[in-house]
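Take a look at the structure set out below.
When reading the values below, keep in mind they use all heavy atoms of this one structure, side chains included, and skip hydrogens, waters and symmetry mates.
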Amino acid sequence: MATALSNTQKRYLRGLAHDLKAVLIVGAKGITDALVAEATLALEHHELLKVKIHAGDRELRDEWIAELATRADAALVTRIGNVAVFYRRRAENPLIVLPRN
């Protein structure tokens, strides 16, 4: 289970994610097993992941974001429009050191 992030930590991660390009794009098929596998691999490598989600409406987009966060065991940092940012700390040798609070 992904740990809950404080507002200070979310703000810090949003700053780091600002210049990132979207690594994954969710299309019409939604959240598939292959997409979750790629997200998991990207999170293990980078710890911070930006995803573009092309869904028909806001409710579906929010549902897909929640599903991806749950299945990839990641914390949702922010969601702006069609873009969501996820964070999951590496088990060994973490790249990102989060502020305490």
Side-chain angles (χ1 to χ4, degrees):
M1 182 90 179
T3 59
L5 298 171
S6 70
N7 288 335
T8 304
Q9 292 169 334
K10 285 182 181 182
R11 186 171 45 247
Y12 176 73
L13 290 171
R14 277 195 309 264
L16 292 177
H18 180 74
D19 292 331
L20 293 179
K21 296 203 183 310
V23 175
L24 293 175
I25 298 174
V26 180
K29 292 183 180 180
I31 307 300
T32 62
D33 292 337
L35 183 92
V36 173
E38 283 298 318
T40 302
L41 185 64
L43 283 165
E44 183 59 35
H45 190 270
H46 301 288
E47 292 185 334
L48 199 59
L49 175 66
K50 191 180 270 191
V51 179
K52 269 193 179 179
I53 300 172
H54 297 291
D57 61 355
R58 179 176 285 169
E59 291 82 24
L60 181 60
R61 186 171 52 233
D62 291 343
E63 181 182 314
W64 284 356
I65 289 170
E67 182 180 352
L68 182 58
T70 302
R71 289 180 64 185
D73 193 28
L76 177 65
V77 176
T78 188
R79 177 197 156 266
I80 299 174
N82 294 333
V83 178
V85 177
F86 298 95
Y87 169 77
R88 186 178 71 198
R89 187 172 190 255
R90 262 189 198 177
E92 296 180 14
N93 301 322
L95 296 172
I96 300 171
V97 178
L98 293 177
R100 290 194 181 211
N101 284 332

Study note, to complete from the structure: With sequence neighbours left out, the residues meeting side-chain contact (heavy atoms from CB on, under 4.5 Å) with T70 are none
Could you check whether any side-chain heavy atom of [X] comes within less than 4.5 Å of a side-chain heavy atom of [Y], counting everything from C-beta outward?
X	Y	answer
V85	R14	no
E59	D62	no
Y87	L98	yes
L24	I53	no
R90	E44	yes
I31	R71	yes
E38	V23	no

Point to revise | Sidechain-backbone polar pair: R88 side chain, A72 backbone, donor-acceptor under 3.5 Å | key: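 Yes, R88 side chain to A72 backbone: donor-acceptor pair under 3.5 Å.
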**Study point:** Whether E47 side chain and L95 backbone form a donor-acceptor pair below 3.5 Å
**Key:** yes
Taking a hydrophobic cluster as the set of Ile, Leu, Val, Met, Phe, Trp and Tyr residues connected by side-chain heavy atoms closer than 4.5 Å, whether directly or through intermediates, do [X] and [Y] fall within one such cluster?
X	Y	value
L41	I96	no
L49	V77	no
L5	L43	no
L68	L48	no
I25	L20	no

Point to revise | Qualifying residue, where the test is side-chain hydrogen bond (donor to acceptor under 3.5 Å, both in side chains) with N82 and the options are H54, K52, R61 | key: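 Result: among H54, K52, R61, R61 is the only option passing the side-chain hydrogen bond (donor to acceptor under 3.5 Å, both in side chains) with N82.
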[atom1]-[atom2] distance between [X] and [Y], expressed to the nearest 0.5 angstrom:
X	Y	atom1	atom2	result
S6	R11	OG	CZ	8.0 Å
K29	W64	NZ	CH2	11.5 Å
R58	L60	CZ	CG	13.0 Å

Exercise for review: Determine whether more than 12 heavy atoms belonging to other residues, nucleotides or ligands lie under 6.0 Å from atom CZ of R89.
Suggested key: no
Review point. Is the CG atom of D57 crowded by more than 12 outside heavy atoms at less than 6.0 Å?
Key: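 Yes, CG of D57 has more than 12 neighbouring heavy atoms, counting only those of other groups under 6.0 Å.
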Exercise for review: Mind listing the closest non-hydrogen atom pair of K21 and K50 along with its distance?
Suggested key: O-CB, 4.0 Å
